[in-house]
Asks: 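Dropping the structure in here first, questions after.
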Amino acid sequence: MENFINNLPKAELHLHIEGTFEPELMFEIAKRNKVDIPYDSVEKLKKAYAFSCLQDFLDIYYQGAQVLLYEQDFYDLTFAYLEKCAEQNVRHAEIMFDPQTHTERGVSFETVITGIHKACVEAREKFGISTLLIMSYLRHLSEEAAFKTLEESLPFKAWITAVGLDSSEKGNPPSKFKRVFEASVAEGYVPLAHAGEEGSADYVWEALDLLKIKRIDHGNNSLQDASLVREIVKRDMALTVCPLSNLSLKVVENLSEHPLKKMMDLGLKVTVNSDDPAYFGGQVNQNFISIQKALDLSKEDLCELARNSFRYSLLDQNMKDMYLREVEAYCAA
Ligand code: ADE
Ligand code: ZN
């Protein structure tokens with residue numbers, strides 16, 4: 001099964017580039033930038049990666065991102081992730097980045113996106129991997145701050161496909177960002193959002209009805225509301241599910257209780273993703289392997305998850321068809 005998963009062509013649709021920051025690279029960049037990390041070794045930093053909820057994690061994740069200062073840093077971070085994609089037969093990646101985590105510290109939007117974009121161009125040439133970028137608004141910040149970020153993004157519009165919504169969910173409902181999502185869509189960005197990770201099913205309804213999202217990041221708590229599940233199935237929307245993230249952040253107590261299979265059985269379109277692999281103990285293939293074992297998924301289930309990852313990507317139909325043919329050839333063999 002592990003071998004089958006490793007070679008399965010797949011796309012990753014839920015990935016925060018700041019969440020791919022491995023401690024070793026963090027220490028290396030901190031050293032060259034002369035920035036202090038409040039841990040004196042990689043081992044001690046890793047020990048701090050024991051979370052009891054989303055906010056616990058976010059506090060450490062934002063702290064880690066503070067060593068990123070220059071274009072080269074964003075390039076190195078992104079290229080390291082894309083090298084891992086190549087090793088895992090991830091053929092396409094839709095990468096979220098959090099501009100405000102950096103612009104709030106005085107790093108320019110241009111610095112962030114130029115470094116990320118250059119790594120994506122290089123990975124396309126070197127590994128044949130396609131990528132696209134999702135600019136995520138931090139929901140614990142104000143609507144005004146999100147509008148400012150939208151404005152800053154406009155010179156780089158050609159490099160950005162979608163907008164997302166992430167960070168502390170509880171107390172920051174989608175309704176807070178209705179207007180900035182409308183403005184983002186008017187600029188041509190596809191609307192996406194985290195919803196129902198820690199927030200209730202009501203937050204998922206709001207993300208659907210007010211933000212008009214095209215895909216749901218996480219979406220676990222949609223299962224609390226049968227009419228919401230029917231609506232998501234009717235609208236043919238996918239959930240970007242992140243099993244090891246859910247385990248690390250105590251969204252589920254253990255993986256055998258994870259609702260992924262139940263979601264599939266209800267007719268929901270599910271994809272498997274790593275979210276923040278440096279913090280949650282596994283890249284996308286490890287997420288597949290762990291959830292396959294925990295829920296005894298069949299090869300056909302795995303093929304369906306891989307198909308969904310391309311079908312519900314933001315690629316154009318030609319690219320989707322090309323990748324889907326790769327999946328079909330692999331699964332038929
Ligand atoms: N930012 C990075 N990872 C996140 C997650 N799992 N939920 C919300 N915001 C995030
Ligand atoms: Zn996420």
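Atoms within each ligand, like the ligands themselves, are counted from 1 in listed order. All values reported here derive from a predicted model rather than from experimental measurement.
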Asks: Kindly indicate, with the supporting measurements, whether the criterion salt bridge (Lys or Arg N to Asp or Glu O under 4.0 Å) is fulfilled by Glu304 and Arg307.
Replies: CA-CA 5 Å; Glu304 192 59 14; Arg307 280 182 207 112; 2.6 Å; yes
Asks: Would you call Glu152 and Lys148 a salt bridge, taking side-chain N to carboxylate O under 4.0 Å as the test?
Replies: yes
Asks: Would you call Asp296-Lys261 a salt bridge at under 4.0 Å N-O?
Replies: no
Asks: Heavy-atom contacts with Leu54 under 4.0 Å: which atoms of ligand 1 show up? List them by number with element.
Replies: 5 (C), 7 (N), 8 (C)
Asks: When you compare the side chains of Asp217 and Thr240, does any donor N or O come within less than 3.5 Å of an acceptor on the partner?
Replies: yes
Asks: Does the separation of the ring centres of Tyr61 and Phe57 fall below 6.0 angstrom?
Replies: yes
Asks: Go through the steps for Phe109 and Met135 under the test side chain to side chain contact (heavy atoms under 4.5 Å, CB included), then give the verdict.
Replies: CA-CA 11 Å; Phe109 191 101; Met135 169 176 83; 3.8 Å; yes
Asks: So, Tyr312 and Asp236: side-chain donor and acceptor under 3.5 Å apart, yes or no?
Replies: yes
Asks: Under 2.8 Å from the Zn ion (ligand 2), which protein atoms of type N, O or S occur, listed by chain and number?
Replies: His14 NE2, His16 NE2, His194 NE2, Asp275 OD1
Asks: Regarding Arg139 and Asp166, does a basic nitrogen lie under 4.0 Å from an acidic carboxylate oxygen?
Replies: no
Asks: Under 4.0 Å from ligand 1, counting heavy atoms only, is it the side chain of Glu197, its backbone, both or neither?
Replies: side chain
Asks: With heavy atoms only and a cut-off of under 4.0 Å, state how Glu169 meets ligand 1: side chain, backbone, both or neither.
Replies: neither
Asks: Applying a heavy-atom cut-off of 4.0 Å, say which part of Asp98 lies close to ligand 1: side chain, backbone, both or neither.
Replies: neither
